[in-house]
Each structure stands twice: as structure tokens, then as C-alpha cells.
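All values below come from the heavy atoms of this structure, side chains included, with hydrogens, waters and symmetry mates left out.
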Amino acid sequence: MTDNVVPLFKDPTSGIYSMPGDTPAGTATAPAPDAVRRVRMWKRSVHGLRAVVTHERTRTAARLVARHGMYVIGGTRVTARRTWDGRTASRYERMIRAAEAGGNFEEAKEWEDRLTRFRAARHHRRMDLLKAPQDAVKSAAYGTGLTAGGLLLLGIVLAIANKDATWILAPITAVIDAIGAVVHVATVVWGPAVTIGPWLALLALWGVGRQRQTAPQWALPAQQRDDAGAPITPSIVVTALRDLGIAPMRKAIKEMGDAGAAMLGPIRIAGCGVEVDASLPSGVSTKEVQERRRKLAENLGRHEHEVFITLPAAARTVRLWIADSGALDEPIGLSPLVTDQKSAANYKTGKAPWGQDLRGDTAALSLYQRMLLITGLSNQGKTAALRALALWAALDRTVEFRIADLKGVGDWDMFDGLATTLIQGPTDEHVIKATVMVEGLVAEMERRIQMPPGTVFTPLIGIVDEAQVAFMCPAVDDDKRPYGGSKATSRYFMAVRKIHNQGRAVDVLLWEGTQDPTDQNLPKLVREGAHTRISLVLGTESQARMALGDKAVDGGAAPHLLRQDLDKGTVVVASGGITIPAGQTSITIRTHYVDDEQAAEVADRAKALRNGVVTTAHTVAAAEEHDPLADILTVLGTETRVLTQDVLKRLTALNGKAYGRWSFIDLKRVLDGTGAEPYKSDGRMVIGRDRITRALTNRPDTGSTSAAE
């Protein structure tokens, strides 16, 4: 039995019993105690080192060392460059390049003349240096001889005066002793001077670097001062342009000897801010600066909306208008329509006092024979701005208004009794009435066009506010023609296009106001037909291009950068009817706000000027019944066939109210299925008299038909 007993062994470190030859679980992979301690010590060292390196005091010390070290390096670079500029022609060449880059060739010529004089003077100095050793030897010999002779003569005089011959050499001995004393002093001072001199030079270089702030930005101490709202100076403008992140501009400014001041024109007071032109160096485009408007504003200590970038007539130049801090948030005062109770208007020669430009000057807009489009986001002052123009025009008693407000909340109530037509409401029925109203403008326009040459017409202005409702209207008429849309079948769209095409010549105008422009609610042909295009704040640049056109936006117009709600009533205008600074394609206007009560007072004055209240229609009468086939036969007369375009003209002359808006599509629609459809003769579309007669004869006796309106 004892032979089968297996002894157990106890591990002295772990206290675990095991059989001979067995390895306790876990002991084969567990590290030895010394190794564990070494690993733990290494980890603690790493954590401690990391804590030291990342500690704020360490970072502060590192920034301090880097800052002062870079002061020395930068000071050395600045001093070397100054020395190089003083000894070479590099400064003159740099100024010539800067002047040429800015287009200032007169200044470039002046610097070139200075360079020529500098080189001539340097040549003379170098030629003088070649003769300097020979001249120095001669001068030394002459000087030594004269000095020795003078001292000897002085000694003779002293010897005679003292009656002692030893005084003859006394002056020479005194000079030799003085030279020895100077050498002794120099020997004593030389050692400390050699030791201290390099440190003094290093301190001088450090002072230059600190003055020029040559250390990197991250190493500089935090700036505690706030430059927001500080007065604009040339150095601030140049620094702001330098730090825009445009590498060629930064390099060019650094190379300019005058720290970039040559690229700036004079800073001028302009309204509630200042204006300055900046000539950009070669390799920098105006678009690059325009795209960095926000960064430029922040560099100038302003908000983005307080800096405007436009393009003057000069090439590669940007014009910066920088507002006084907070000035654009101040109101501009009441409209002259409100303050001047005797104000009058002249549609043909006058201009509507609409607001102020950014310079603080009065902004007045001519309305004479100009189609108008105003757009912007909802609740930004569009209706108020449009209504203010209409109120001014109403003070001219000759102006007739026909108004459709497709919002219908009473914004145009004061024109009741002033406008001959006033439609207010957002429904499809109101859109139908507005469409008929615009078609009535077309009919009146075509009637005027057919009047004898030289006939003078009174101005007729149609206004459609919230016109996007009309373009988006899904309603169709009895002939399945849609009222809305942007196709040739759309009644509203086609009526607007006809007025845009010919209305201006006979003083029949259309003003439209619309929200949030898109290709669906403001078709391209409609917005491009407006002579005066106005935009309040918009959401995107693409909308700004729809509102004002590519040319205006490329020239600096930026309604999409206005502040929603904060810039209510501020508009960007592209029009020939307003004074725009030379070289610019648009102007920003802060319009006067005329509230409902003030608008009613102005409207009452306009009614008084018209000798009574106008009878205002709140709907448009339907067209009288007529028979298109019979009317076509009438205008054909005795001719066998007539060109379709001539038939349309004769129908308009016969009944402009019924046929004034007709196109070839309308004519074809009426004749389709009758057997009298237009056909080609000699390559041109015509209508035959015999076919029309046959169609009328074979038509069932159902009475007259009425044309679709």
C-alpha cells in the first residue's frame, strides 16, 4: 500500500500542492515576479512621462521656448533682409514688381529711375574702393610725417620756453604713453567684450523679431483685446487680405516693401461705413476674394453682413464697403411719402424715393416703361417694398392700376377706390380672375398697338402679388387649357409673356411679386422679361441667380447672404432705373417701411388728386359670346385663302377682347374637326374661304359658340 502513495509538493510562492512532474494550472504562462514589477514600472514611467508632456505648464513652457527662439530666428532673417536690401537693388526691383502688379505704371517708372541712380552711385563707390589702398598709404605717410613734425616743433617750443633741451621729445613721449594706456585698457576690456558681445547681438536680433512678431501664431500669447468694431485703417485691410488663405496674395504682400499699402486706394467715408478699392496682385482673382467674404469680414472685426464686395471698373480690383459696427441694424427713418404731405409723382420723369443705399444716400427708382419683378423668402418685406412703389406711382393721377393679390390678407385694401380692378384671395377662383385680368391687359395692349402712330397713352400698371400661386395653379378652363404652368398652353404664362414682349412700348406694364423662386413657380422666360429685378433675402445662390440673373450675381450681388428676419426690407436691385456705381451690376437698398395705416393715408391723398374715388371692380366680367367660325369667315372677306398670321391680326382688330390673346394654337383648336383646318400653300400655313363656308353650312344648328377665355 505504501508503494502506491504519491508525495505532494507545495509551491513556496503560490502555496499550491502539485504532483511530481505536473505543472500547476497557470504557472507555465504567468510571468516571473521580477518581470511583473519591471512591466509595472515601465507603464508607470510611460504614464508619468505622458502626464508631464501633456501638462499645461509643459505646453506653456514649450510655447515660450518656441516663441522666443523664433523671435531670434525671425529677427536674424529680418535683419539679413534689411542688410541685403540696403546693399543691393532688390528693394527697388520688388517695388517695381508691386507697382506693375497693381497696374500703377507711373510709379513703376519712378522706381526704375531710382534704381538707375542707385546703380550709378554704387558703381562710383566700387571704383573708389579700387583706389582706396593707394590713397590710404599716402594718407598714412602724410599723416605720420605731419604729426611727428608737429610734435617735434611743439617740443622745441617747450624746450625754449623751459630752457631745457629734454623737453624736445616730451610731446612725442606723451603720445607714446597715451597709446600704451589705450592698448592696456583695450586689453583689459577685450575679454569681457568678446564674451558679452554675441549675447548683445542675440538680444538685438530677439528685439527685432519680437517687434515684427516673427513667431508662429500657435506660439504667440493669447490676445486679450477685442478688435471688433475698431476703425478701419490701411494696415487692418492689408492684414485682412493677407490672412484670407490665398497663397499668391500672402506672398505678394510679404514681398512688398511698403507692407502691401500700395495695393490700396484711399479709404473714403461712405454713409454708415467706409469704402476702399484693393488692387489684387497677379495670380489672384476677384472671385477668390468674393468667395471668402465671411473670413474677410471676421479679419476686419465685422460680421459677414457688414462687409460687401463689389467689382469696380478697374481690372483685378475689388471694392470693399465696410459698415461701422452695428450701423446696419439701425432704422433709416420714415419714407418721404409719409413725412411730406405735399409729395407728388411724375411717372415719366420722376423717381420713387424708395430708401437708402449703403452709403446713406437716397435711393430712387424710375418706374417709367419698366416691367418689374420682386422676389424673396416669405415674410421679409416683399409686399411692403412693392406696395411703396405703387403708392408713389398712385400720386400721378394718370396712372391706372389693376391689382391681383393672391395672398388675400388685406395688404392692398387701401387701393380699393384707387385701382380699377382689385382681386384679393388665394384660391383657384381668384387665380382665374387674376388670369382674366392679365389677359385684359393684353387686349388693351394690342388695342393700343393698333392705334395711329404718335398716339399718347396713359400708363396702365398691372400688379400680381404672390404670382407663384398663379403659376402653380392646377385649374383648367372648359377647353382643357390650364391657367397655371410654364408651357405655351398656360393662359397666365402666355398672357405675361405677351405683355413682356410688347407692353412697354404702349405703357402697359406688369409688376410681379413672388416667393422663393424656382423654375416651377417663376419660369425663366418670365423672370428674364423683367427690366427691373429686385430680390430680398434668399436661401441659396441658385435662387439669387434666378431672381437677379447670372451677370448680377457674378458681379457681386448676394441676396442669399442677407440675414433672414434681421434684414427685412433690404433689397438687391439690378435695373437701369436706379443709379448704380460705375463698374457694378447691382446695388443694395435699405427700403423705407410704410405700414398699413401710413399706406392708407398716402392712398387717400392719391384719391384726392384724382377728383374722387375710382369705382373698383372686384372681379372681371366674362367675355361676350361670339362665333369664331363666323368671325373667321368675316375677316377672310372675298379672298380665297389668307395666311393664318393675318387671320389672327384681323380677328384681333375685329374683337380684341375676344381674340386679342389668341395664338396659332387657339386658331387650330377651333378649326380641328371641322374640315376647315389650316393647310400649307406655297410652304406657308393658310386658311381657305371655301372650307370655312362648307364647315359653317354643314355645322349643326346649335347656335353660336363661345371662345375660351
Using only atom types and a distance under 3.5 Å, with no angle test, would you say the side chain of [X] pairs donor to acceptor with the backbone of [Y]?
X: Arg316; Y: Leu280; answer: yes
X: His592; Y: Gly333; answer: yes
X: Trp84; Y: Ser90; answer: no
X: Arg590; Y: Thr570; answer: no
X: Gln543; Y: Gly539; answer: yes
X: Thr532; Y: Leu372; answer: no
X: Arg242; Y: Ala252; answer: no
X: Ser586; Y: Val573; answer: no
X: Gln356; Y: Ile589; answer: no

Atom pair [atom1] ([X]) and [atom2] ([Y]), whose distance is rounded to the nearest 0.5 Å:
X: Leu373; Y: Ser575; atom1: CG; atom2: OG; value: 11.5 Å
X: His560; Y: Leu548; atom1: NE2; atom2: CG; value: 10.0 Å
X: Thr310; Y: Gln290; atom1: OG1; atom2: CD; value: 8.5 Å
X: Ile236; Y: Leu241; atom1: CD1; atom2: CG; value: 12.0 Å
X: Gln564; Y: Gln380; atom1: CD; atom2: CD; value: 5.0 Å
X: Leu205; Y: Thr76; atom1: CG; atom2: OG1; value: 4.0 Å

Could you tell me whether the side chain of [Y] reaches within less than 4.5 Å of the side chain of [X], counting heavy atoms only?
X: Leu300; Y: Val307; result: yes
X: Leu561; Y: Glu541; result: no
X: Leu320; Y: Val237; result: yes
X: Thr362; Y: Trp354; result: no
X: Lys351; Y: Thr579; result: yes
X: His123; Y: Arg126; result: no
X: Leu562; Y: Leu536; result: no
X: Leu311; Y: Thr317; result: no

For a quick test of your reading: what N or O donor-acceptor pairs under 3.5 Å do the side chains of residues 174-202 make, sequence neighbours left out?
from	atom 1	to	atom 2	distance (Å)
Thr187	OG1	Val183	O	2.7
Thr195	OG1	Gly191	O	3.1

So which heavy atom on [X] is nearest to which on [Y], and how close?
X: Thr585; Y: Gly555; value: OG1-CA, 3.7 Å
X: Pro248; Y: Val284; value: CB-CG2, 3.9 Å
X: Ile587; Y: Asp357; value: CD1-CB, 3.9 Å
X: Thr375; Y: Pro517; value: OG1-CD, 3.3 Å
X: Ile332; Y: Gly355; value: CD1-CA, 4.3 Å
X: Ala557; Y: Val572; value: CB-CG1, 3.8 Å

Let's go through Lys287 and Asp554 carefully: what are the C-alpha distance in whole Å and the side-chain angles of both, what is the deciding distance for salt bridge (charged side-chain N to carboxylate O under 4.0 Å, His left out) to 0.1 Å, and is it a yes or a no?
CA-CA 8 Å; Lys287 187 176 182 180; Asp554 291 338; over 6 Å; no
Evaluate whether atom NE2 of His531 has more than 12 neighbouring non-hydrogen atoms of other residues, nucleotides or ligands under 6.0 angstrom away.
yes
Decide, yes or no, whether a salt bridge links Arg119 with Glu93 under the criterion of side-chain N to carboxylate O below 4.0 Å.
yes
For residues Arg87 and Thr83, is any side-chain donor paired with an opposing acceptor at under 3.5 Å?
no
Please report, to 0.1 Å, the donor-acceptor pairs under 3.5 Å made by any side chain of residues 138-163, with sequence neighbours excluded.
from	atom 1	to	atom 2	distance (Å)
Ser139	OG	Asp135	O	2.7
Thr144	OG1	Ala140	O	2.8
Thr147	OG1	Gly143	O	2.7
Asn162	ND2	Leu158	O	3.2

If you apply the rule side-chain contact (heavy atoms from CB on, under 4.5 Å), what do you find for Trp321 with Val274, and how did you get there?
CA-CA 6 Å; Trp321 185 85; Val274 296; over 6 Å; no
Here's a test for you: under side chain to side chain contact (heavy atoms under 4.5 Å, CB included), which of Thr116, Leu115, Asp113 qualifies with Tyr92?
Leu115
Would Leu296 and Arg302 count as a side-chain contact (heavy atoms from CB on, under 4.5 Å) if you check the C-alpha gap in whole Å, the side-chain angles of each, and the deciding distance to 0.1 Å?
CA-CA 9 Å; Leu296 177 61; Arg302 296 293 190 272; over 6 Å; no
I would like to know whether Asp243 and Met249 meet side-chain contact (heavy atoms from CB on, under 4.5 Å); could you show each step before the answer?
CA-CA 9 Å; Asp243 296 339; Met249 180 179 289; over 6 Å; no
Would you call the rings of Trp206 and His68 parallel, tilted or perpendicular if under 30° counts as parallel and over 60° as perpendicular?
parallel
The test is side-chain contact (heavy atoms from CB on, under 4.5 Å); show your working for Lys524 and Arg527 and say whether it passes.
CA-CA 5 Å; Lys524 180 179 180 181; Arg527 59 183 186 250; 3.8 Å; yes
Do any pairs count as a salt bridge (charged side-chain N to carboxylate O under 4.0 Å, His left out) and have a residue in residues 290-301, sequence neighbours left out, and if so which ones?
Arg294-Glu304
